[in-house]
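This report refers to the structure that appears directly beneath it.
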Protein chains: 2
Amino acid sequence: MREEGLGKVTMRRIATALDTGPGSLYVYVRDTEDLHAQILDTLLAPVPAGVPKTGPWRDRLKALLSDYGRVLHTHPTIARMALSTQPSGPNSMAVADAILGLLAEGGVSDQVAAWGLDLLLLYPTAIAVEHGSSTSLKAEGMAELAAQVAVADPARYPNVARVGDALLSGDGASRSAWAFDVLLDGILAVRSPSA
Amino acid sequence: MREEGLGKVTMRRIATALDTGPGSLYVYVRDTEDLHAQILDTLLAPVPAGVPKTGPWRDRLKALLSDYGRVLHTHPTIARMALSTQPSGPNSMAVADAILGLLAEGGVSDQVAAWGLDLLLLYPTAIAVEHGSSTSLKAEGMAELAAQVAVADPARYPNVARVGDALLSGDGASRSAWAFDVLLDGILAVRSPSA
DNA sequence: ACCTGAACACCGTTCAAGT
DNA sequence: ACCTGAACACCGTTCAAGT
């Protein structure tokens, strides 16, 4: 049934792919949101098993988050949904459980891990949505930003001018790896929420 | 011109509000994306000035990021755009400059600040998009999640079961404040990117 | 020359009407 | 009883035709 979704995943597209009319899907799903949620959960099935069983917890956690990000990255429409709704379903739950387990292994308290989980999942999801818009547009925006930075009036924007090209340095992969390190360092350093 | 946008901000809606046909906006904007970008930049105008001029850099930075988040929070359609495109325009630039300045004040290296800027802006943007879907849906999703956590099979999901209610604890404001602390602690702790 | 809105190609969702 | 697709209410974008 819900096998392919690399392009835009819409009700009508799936309906016509199934040789039926729109509205027929509403027997199986309540909503477009629900449709996306069900697809995401099936896409997530192989993720928890793919994480290495040995090695430092931190490396395993980063591998898990990268895999999660990769899934969303290839399905931007689904990523958009994952951002607005807490993913539910057995496989999403398995991913969450694995993350909590690895954080516990790293000595993170349950309270911090509970809130950290959301933060850790939010990053790859947001990145996937960010890259969702066509790549050409992204490159164009980058070029525009580069031009703006280069031209930035040092009097009005002293810090932008000083930092300069560093703002544009690095590709997606190295930035993601760095971001996971920031998040994990932050989670290890932060004090427990006083909820 | 572009004054109100608390609901859904669409080409057609603005066009009819301006007593003209759709397509007429294309004289002023290239795209829906461009429209949103221009609106965001005007919304951001008062933000940099609103940050307190005295006090610890960290508190001022958190105040700035909160203000940025508040703007996006009241305009979810715009937030969606801000997630997919690097905000451009003079006021976005001023916000970026202020953040870089505060990080420098905190002793963060330019290299780290450059990458940290993106990460710091990503969080409030993603949260704004997340809250974009109608509040009732969010509450429903929460209830569903609560049910799932409560019912979680401790054999299959041992960590979810153990952490339990902590996953659902805290409101948006306290979670956001905590997340900013994680990000800042992480940025202060992380090693410089080896770009 | 410049603005415009009809037209095109899409959406999600509902619900009367068929099987 | 159950599935369906015509119909409704929206979108963004283009471009021929008017001013």
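Below, chains carry the letters A, B, ... as their sequence lines are ordered, and counting in each starts from 1. Being a predicted model, the structure only gives us computed values, none of them experimental.
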| query | Minimum heavy-atom separation for B:Met93 to A:Gln148, with atom names? | reply | CE-O, 3.6 Å
| query | Got a salt bridge between B:Asp185 and A:Arg191, using NZ or NE/NH1/NH2 to carboxylate O under 4.0 Å? | reply | no
| Are A:Lys62 and A:Asp59 close enough for a salt bridge, meaning some N to O gap below 4.0 Å? | no
| said: Looking only at the side chains, is there a donor atom on one of B:Ser192 and B:Gln111 sitting less than 3.5 Å from an acceptor on the other? | reply: no
| Between A:Thr20 and B:Arg13, who's closer to the 5' end of DNA chain D by nearest nucleotide? | A:Thr20
| message | With a sphere of 6.0 Å drawn around CG of B:Asp165, does it hold more than 12 non-hydrogen atoms of other residues, nucleotides or ligands? | response | no
| query | First and last nucleotide of DNA chain D touching chain B, 5' to 3', heavy-atom cut-off 4.0 Å? | reply | D:dC11 to D:dT14
| Whole-Å C1' distance, D:dC15 and C:dC3 | 12 Å
| With distance as the sole test, does B:Asp110 use its side chain to make a donor-acceptor pair with the main-chain N or O of A:Val163 at under 3.5 Å? | no
| field | N-O pairing of B:Arg156 and A:Asp97 below 4.0 Å | value | no
| side-chain contact (heavy atoms from CB on, under 4.5 Å) with B:Pro52: which residues, sequence neighbours excluded? | B:Arg60, B:Ala63
| request: For DNA chain C, just give me the dot-bracket, please: Watson-Crick or G-U, both distances below 3.5 Å, ( ) intra-strand, [ ] crossing earlier pairs, | paired with another strand, . unpaired. | output: ||.|||||...|||||.||
